[in-house]
Enquirer: 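Following this message is one structure expressed as structure tokens.
All values below were derived from every heavy atom in this structure, side-chain atoms included, with hydrogens, water molecules and symmetry-related copies excluded. Numbers restart at 1 for each chain; the letters A, B, ... are given by sequence-line order, proteins then strands.
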Amino acid sequence: MEQLPIVDKNAYLVITHSTGALYASLFYAHYDAGREYVLTDTSAYPDAFETLDHSFWAGYFAELESKFGWKLLSEDEALDGIYHVDKFTDEGTGVSQIKLRIAGTADNKSWLIRTLRSFSQDIKVEIYDPMEDLSKVETILKHRGYDDVLVLDLDLLRFDGWRIGSSSVSPSSPKHAKIAWTRTNGRNGLINTILDAKFKAFLSSARRKAEIQNMWANLVATPPLASEDPTIADLIRSYITVQLISLTHSQKLLANDFGLASGSACVVSGDILRLLDRKTLALAIIDGLQLKGSFDLYVDYDNLVQASTDQLYAGVNAGNFIVNQNLVFPDITRVYIPDMRKFTKKKKVVFDGLLDASSGQQHIYVLAGDYASIDLEGVAEYTLEGSFNKDFSPFVAGEDLSMVASSYGKGGKLKQIIVDARAKPVAYGPDPRANRDKLTEWLGI
Amino acid sequence: MISVVGNIISYGKLKLDWLPDGRVEYLVKRGEHIAPGDKIFVTRYREIKESYYLPRLLKIRKSDANKYVLRLPGEHVQSGEVLAQKDTAFGLGILVVDARGSGIVSLDRINDGFVDVVGEEYITEVVSSMHAEILDVSATKGISLVTNAIGVPYSANGKLGETGDPASSFLLGELVFVRDGASVYSQADLGDDYSNQIVYVGSFVYPELLQALYEKRAKAVIVGSTDFETVQNAKLPVIVLDGFGHTQINRSKVDYLRQHTHYIVAVRKKVSLMHGRTIYLLSPGKPLMDMATMQYPQFMKENSISRPYYLSQIDPGTRVRSIDGENYGLMGVVEEVVQDTPYIRVRTDSGSEVLLHTGGVVVLQ
């Protein structure tokens with residue numbers, strides 16, 4: 001008897017979109033052989049929807065086929081320009097489905113769908129309600145041991161934050177806050193924010209004012225998907241910080257007491273994530289949301305969680321494709337933000353631990369005033385055991401002060417541990433030079 | 001990672017309104033088809049011989065400029081006669097603005113702080129450079145027309161329009177260049193009058209030249225690159241073609257525009273997610289319906305038709321442009337795609353070699 005694709009092997013392509021980028025995720029699984037992987041692509045969006053048309057989609061899918069080495073679509077023999085999804089036959093040929101997921105809150109979605117339909121009738125379009133998705137993400141993360149969830153989607157032109165959970169510190173109902181430049185003055189308005197004193201207060205660049213303004217204007221006018229430039233990183237760190245502060249002002253419960261529940265997870269996605277490193281991103285999130293306690297940070301560069309929410313939620317009951325959570329959830333950055341109210345002098349030990357890896361043992365100390373990271377990438381098997389000084393616990397009163405992490409811990413693989421032992425509240429300014437001194441101390445840049 | 005580069009795109013059936021400056025007599029009617037060489041309208045206006053910016057000369061607020069003018073609009077003045085004056089130091093001193101040449105006083109721009117001395121009225125006949133269908137002609141909206149266009153993308157703009165402008169609102173003018181546009185220019189390079197013209201001012205522009213062009217009634221300015229602050233402080237619309245700062249200019253785009261000197265160009269006053277940053281060259285040399293024969297689905301014919309512009313494959317030989325930070329604008333040819341990394345080795349146009357991240361470049365055609 002012929003086996004159903006879902007229990008043998010299968011491939012499935014999901015495309016999600018944001019205001020600045022399209023994310024493609026091609027999942028493949030050969031269940032019998034225990035072989036599964038996901039191929040991803042992030043592509044910048046055209047500047048204007050009017051240029052997004054039949055030829056855009058034709059070019060886009062041709063590029064995906066070339067990049068993935070996977071035949072996805074074929075042109076109709078009778079109808080010029082109309083494409084059909086190739087049926088899945090084997091690895092590299094066809095998929096069981098191509099789906100475009102669009103948030104119900106997205107701008108110009110009808111244009112997106114019309115142009116896609118002019119290219120192919122076979123591609124499934126799913127318009128989802130972000131709040132409904134959020135409930136599913138909560139359920140998924142609950143299975144991974146979390147009961148307080150913060151989801152951040154950080155696009156250059158739009159910031160969204162959602163909070164949901166069932167812990168004692170979670171809000172009683174899901175909360176959402178957003179800042180969207182798309183519906184106000186668009187890029188022109190965003191370019192002008194460089195003149196805003198709040199934004200400038202977080203900058204640390206030594207460059208001349210005119211240079212910084214020009215670089216910001218270029219960044220907004222033509223955003224890169226990745227950057228190697230320290231001034232761009234400085235601008236993005238400042239921008240994320242000030243935007244998150246604004247989000248918490250508009251929705252006070254968005255991050256209130258987040259991190260104080262024992263299972264807190266922050267999932268962050270967006271088209272500006274590759275413009276700065278993970279340690280700096282965590283710093284911007286901590287300072288922007290003024291976080292305390294501890295949480296696991298999932299930096300979802302490829303938007304995989306949003307791409308596979310339905311499959312993860314359905315689990316083994318997914319009708320078309322079963323997605324393995326370990327393919328989707330990125331490596332974890334575990335963040336500890338000890339209570340530094342008793343911080344009076346530097347050099348006092350806040351955390352004392354021992355990293356026991358196959359390559360050897362290493363003592364780890366974090367001192368008061370530090371913003372420290374323990375990098376576990378590339379460390380195959382390890383155990384990290386340690387404890388926080390009772391005066392500087394990141395946990396709620398009465399909880400065990402010890403911290404144990406291993407290569408096979410809760411929720412996935414740990415990539416990095418961050419201990420933020422800076423004095424709180426963190427003060428920036430009064431000028432870029434003072435910020436630079438502080439950031440050099442915290443980030444070593 | 002792939003970046004979509006904005007390239008030159010063809011548009012079919014672009015609808016726009018054209019409201020010319022000055023006193024206008026329209027020579028076209030609703031329902032007419034116009035072709036290159038057809039007369040569209042006649043404008044009557046006076047060439048500005050001298051402009052006087054009272055807020056600077058009298059140290060007053062722009063809104064108060066009218067209070068200090070001693071002449072009536074239309075009055076003839078001779079060189080040396082007083083145009084405006086202000087008492088200073090409680091009447092002990094006086095600041096005076098004298099006419100540098102003779103002509104007619106114009107207060108058309110007094111709300112912007114200017115007193116102009118203009119020459120004799122003269123008449124300009126505006127001739128079409130495009131194929132278009134006239135949808136309507138009215139005193140308030142000007143000429144409503146539909147045409148096709150070639151879109152040339154630009155990077156950013158300033159002062160194009162107000163927040164409340166409708167999406168269909170355009171700024172139109174005749175495209176002219178200051179000399180050949182290949183250099184940086186000063187006021188000495190400018191002509192006398194730029195009424196109803198959109199001026200390409202060179203690879204970079206300083207505030208003084210923008211002020212001079214404003215005084216010479218330029219409708220808008222296109223520039224290769226300039227400082228953010230210059231655009232912020234400009235008094236007229238500025239369209240920045242390639243980016244801010246002293247960036248390398250994409251010559252092919254400028255050459256393309258130069259080939260279309262004296263064509264009518266349009267830019268949207270309001271840029272949105274739907275309608276991007278584009279300079280529309282109106283129907284440059286093509287009959288209106290040429291593109292309707294292209295093999296695209298029906299709805300595409302009625303809206304926007306574009307030729308494929310999506311390029312992403314980066315191979316040795318691909319021409320790229322950096323959009324990342326300090327390297328912004330740098331152009332060159334890929335010499336090597338560094339295996340298993342997101343980096344490419346690029347030989348720049350100036351001959352140097354740089355390593356760039358693929359996420360920080362766009363592919364050029």
Enquirer: Could you check whether any side-chain N or O of A:Asp229 sits under 3.5 Å from a backbone N or O of B:Glu326, counting only pairs where one atom can act as donor and the other as acceptor?
Expert: yes

Enquirer: Quick one: what part of A:Leu219 sits under 4.5 Å from any heavy atom of chain B, side chain, backbone, both or neither?
Expert: neither

Enquirer: Could you tell me which of A:Leu195, A:Thr231, A:Leu235 has the largest number of non-hydrogen atom pairs under 4.5 Å with chain B?
Expert: A:Leu195

Enquirer: Restricting to non-hydrogen atoms, name the atom on B:Ser155 and the atom on A:Ala221 that form the minimum distance, rounded to 0.1 Å.
Expert: O-CB, 3.4 Å

Enquirer: Examine whether an atom of A:Leu79 lies under 4.5 Å from a heavy atom of chain B, and if so say whether it belongs to the side chain, the backbone or both; otherwise answer neither.
Expert: neither

Enquirer: Should B:His357 and A:Arg274 count as side-chain neighbours, where that means a heavy-atom distance under 4.5 Å?
Expert: no

Enquirer: Which pair of non-hydrogen atoms, one from B:Phe244 and one from A:Asn214, has the smallest distance, and what is that distance?
Expert: CB-OD1, 3.5 Å

Enquirer: What part of B:Thr226 gets closer than 4.5 Å to chain A, counting heavy atoms only: side chain, backbone, both or neither?
Expert: backbone

Enquirer: Do you know which two heavy atoms are closest between B:Asp324 and A:Glu228, and how far apart they sit?
Expert: OD2-N, 2.9 Å

Enquirer: Nearest 0.5 Å, what's the OH-CD1 distance between B:Tyr328 and A:Ile232?
Expert: 10.0 Å

Enquirer: Which of the residues A:Glu211, A:Gln213, A:Lys209, A:Met215 is involved in the greatest number of heavy-atom pairs with chain B at under 4.5 angstrom?
Expert: A:Gln213

Enquirer: Could you look at A:Thr222 and say if it's the side chain, the backbone, both or neither that has a heavy atom under 4.5 Å from chain B?
Expert: both

Enquirer: Answer with side chain, backbone, both or neither: which region of A:Leu275 has an atom nearer than 4.5 Å to a non-hydrogen atom of chain B?
Expert: neither

Enquirer: So how far is it from B:Glu229 CD to A:Ile194 CD1, rounded to the nearest 0.5 Å?
Expert: 11.5 Å

